Amino acid sequence: MNNINDIDLLYSQGIIYLGNFKDLAFKLKNNYLDNQNSNCDYIDSSERDFTRHCKLPLDNKDILGFLNSLEILKKLKKKNYLFRNKIDLIRWRSRSEKSGAFFYHSDGMENQISLMMLLSENKNSSKMFFAKNTKKSFFLKFNNIFTGNKFKSSIFNKILKNIFLLFAPIFNILVEKKYNIEKLSGDPGDCYIFNAGNFLHKANPIKGSTRDIMHFNLTLNKSKVIENHKLNFDTFDQDLRPMIEVIGK
């Protein structure tokens with residue numbers, strides 16, 4: 001699809017396909033999502049769209065080799081990116097066609113980079129749609145007015161978001177008419193890295209279907225690091241260590 005190490009694609013098109021890591025995907029699904037594992041911090045999923053959610057530390061033995069092998073992470077380190085959180089393993093279940101963030105949006109912080117790996121086949125079930133080349137677009141700016149963080153936690157913010165949701169289906173159609181949409185649909189192990197903070201993307205929920213993913217975020221802002229935990233630094237590639245100093249000391 002593209003050069004997996006061309007970091008400029010994250011700032012132009014917004015997304016890079018990193019390849020397929022089938023063996024890792026099966027291991028994460030079987031060891032953690034399908035079966036309880038004491039090495040994973042499980043989150044109560046009541047009243048949420050996910051039916052299982054667990055968090056793995058960055059130095060988890062099943063994930064560490066994968067992280068150390070990604071040259072794109074070392075390039076992001078040179079741009080001062082930091083890991084924002086642990087590794088999330090999530091099994092989503094779409095209750096309706098409006099489950100989750102079913103409308104095009106950005107993730108509310110400039111230049112947040114996200115990595116997502118499919119842990120199960122999802123060609124006929126829920127998936128993510130990514131709108132390429134939407135950075136600085138009118139649609140992105142328009143969306144950020146209504147759903148961004150400028151008035152976060154205020155009543156005004158809730159009013160704006162509710163207004164936007166009324167017109168979200170039309171907004172989705174307009175975005176998909178104008179831009180090339182990358183559908184994150186494929187086989188277990190298919191892996192993408194994308195600029196979630198500056199480009200539009202959305203969930204495409206299929207009612208009653210499930211979607212298993214591995215996911216984590218990178219950020220340029222130390223204040224956005226949300227999960228501090230101790231790590232075994234000796235297990236990380238030297239180039240990755242500056243990216244995890246905030247999250248694991």
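All figures in this text were calculated on a predicted structure; none of them were measured in a lab.
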State yes or no: do Ile206 and Ile181 share one hydrophobic cluster built from I, L, V, M, F, W and Y residues joined by side-chain heavy-atom distances below 4.5 Å, directly or via other members?
no
Under the rule for ring-ring contact (aromatic ring centres under 6.0 Å, His included), what residues qualify as partners of Phe129, not counting sequence neighbours?
none
Quick one: does Leu28's side chain get under 4.5 Å of Leu24's, heavy atoms only?
yes
Compare all side-chain heavy atoms of Leu119 with those of Leu33 and state whether any distance is below 4.5 angstrom.
yes
Please find out if less than 6.0 Å separates the ring center of His105 from that of Phe103.
yes
Quick check on the hydrophobic clustering: are Phe142 and Ile173 connected, directly or via other members, by side-chain heavy-atom contacts under 4.5 Å?
no
If two hydrophobic side chains count as joined below 4.5 Å and joins carry through other members, does Ile226 share a cluster with Leu58?
no
Side chains of Ile113 and Ile193: does their closest heavy-atom pair fall under 4.5 Å?
yes
Please identify each residue that fulfils side chain to side chain donor-acceptor pair (under 3.5 Å) with Thr235, with sequence neighbours left out.
none
Does any N or O in the side chain of Lys136 come within less than 3.5 Å of the main-chain N or O of Thr134, such that one atom is a donor and the other an acceptor?
no
Can you list the residues that meet the side-chain contact (heavy atoms from CB on, under 4.5 Å) rule with Asn221, with sequence neighbours excluded?
Thr219, Ser223, Lys224
Counterpart residues, side chain to side chain donor-acceptor pair (under 3.5 Å), relative to Ser126 (two or more places apart):
Ser94, Ser209
Less than 4.5 Å apart, side chain to side chain, heavy atoms only: is that true for His201 and Ile15?
no
Taking atom types as modelled, is there a side-chain donor on Asn143 or Ser106 under 3.5 Å from an acceptor on the other?
no
Where do Asp190 and Tyr17 land on the side-chain hydrogen bond (donor to acceptor under 3.5 Å, both in side chains) test, with the steps shown first?
CA-CA 8 Å; Asp190 282 342; Tyr17 175 67; 2.7 Å; yes
With sequence neighbours left out, the residues meeting side-chain contact (heavy atoms from CB on, under 4.5 Å) with Lys22 are Asn20, Phe26
Sequence neighbours left out, what passes side chain to side chain donor-acceptor pair (under 3.5 Å) with Glu227? Give chain and number order.
Lys55
Hey, does Leu18 have a side-chain heavy atom less than 4.5 Å from the side chain of Ile16?
yes
All pairs passing salt bridge (charged side-chain N to carboxylate O under 4.0 Å, His left out) where residues 28-38 contributes a residue, at least two apart:
Lys29-Asp34, Asp34-Arg91
Qualifying ring-ring contact (aromatic ring centres under 6.0 Å, His included) pairs, either residue in residues 211-248, two or more places apart
Phe83-Phe216
Ring centers of Tyr104, Phe139 separated by less than 6.0 Å:
no
Output yes when a side-chain donor or acceptor of Asn180 lies under 3.5 Å from a complementary backbone atom of Gln13, and no otherwise.
no
Donor-acceptor pair, side chain of Asn217 and main chain of Ser114, under 3.5 angstrom
no
Looking at side-chain heavy atoms only, is the closest gap between Lys222 and Glu245 below 4.5 Å?
no
Could you give me the CA-CA distance, side-chain angles and deciding distance for Ser125 and Thr210, then say whether side-chain contact (heavy atoms from CB on, under 4.5 Å) is met?
CA-CA 7 Å; Ser125 59; Thr210 59; over 6 Å; no
With a cut-off of 6.0 Å (strictly less than), are more than 12 heavy atoms of other residues, nucleotides or ligands near CZ of Phe167?
no
Contacts of Lys123 that satisfy salt bridge (charged side-chain N to carboxylate O under 4.0 Å, His left out) - sequence neighbours left out
Asp187
Answer whether the closest heavy-atom distance between the side chains of Met116 and Phe130 falls below 4.5 Å.
no
Quick check against the 3.5 Å criterion: does Asn122 have a side-chain atom that pairs as donor or acceptor with the backbone of Gly186?
yes
Taking the side chain as C-beta and beyond, is there a heavy-atom pair between Met128 and Phe194 under 4.5 Å?
yes
Mind checking what makes disulfide bond (SG atoms under 2.5 Å apart) contact with Cys54, not counting sequence neighbours?
Cys40
Pairs in or reaching into residues 71-82: which pass salt bridge (charged side-chain N to carboxylate O under 4.0 Å, His left out), with residues at least two apart or in two chains?
Glu71-Lys74, Lys74-Asp237
Those residues that, when tested against Ser185, pass side chain to side chain donor-acceptor pair (under 3.5 Å) (two or more places apart)
none
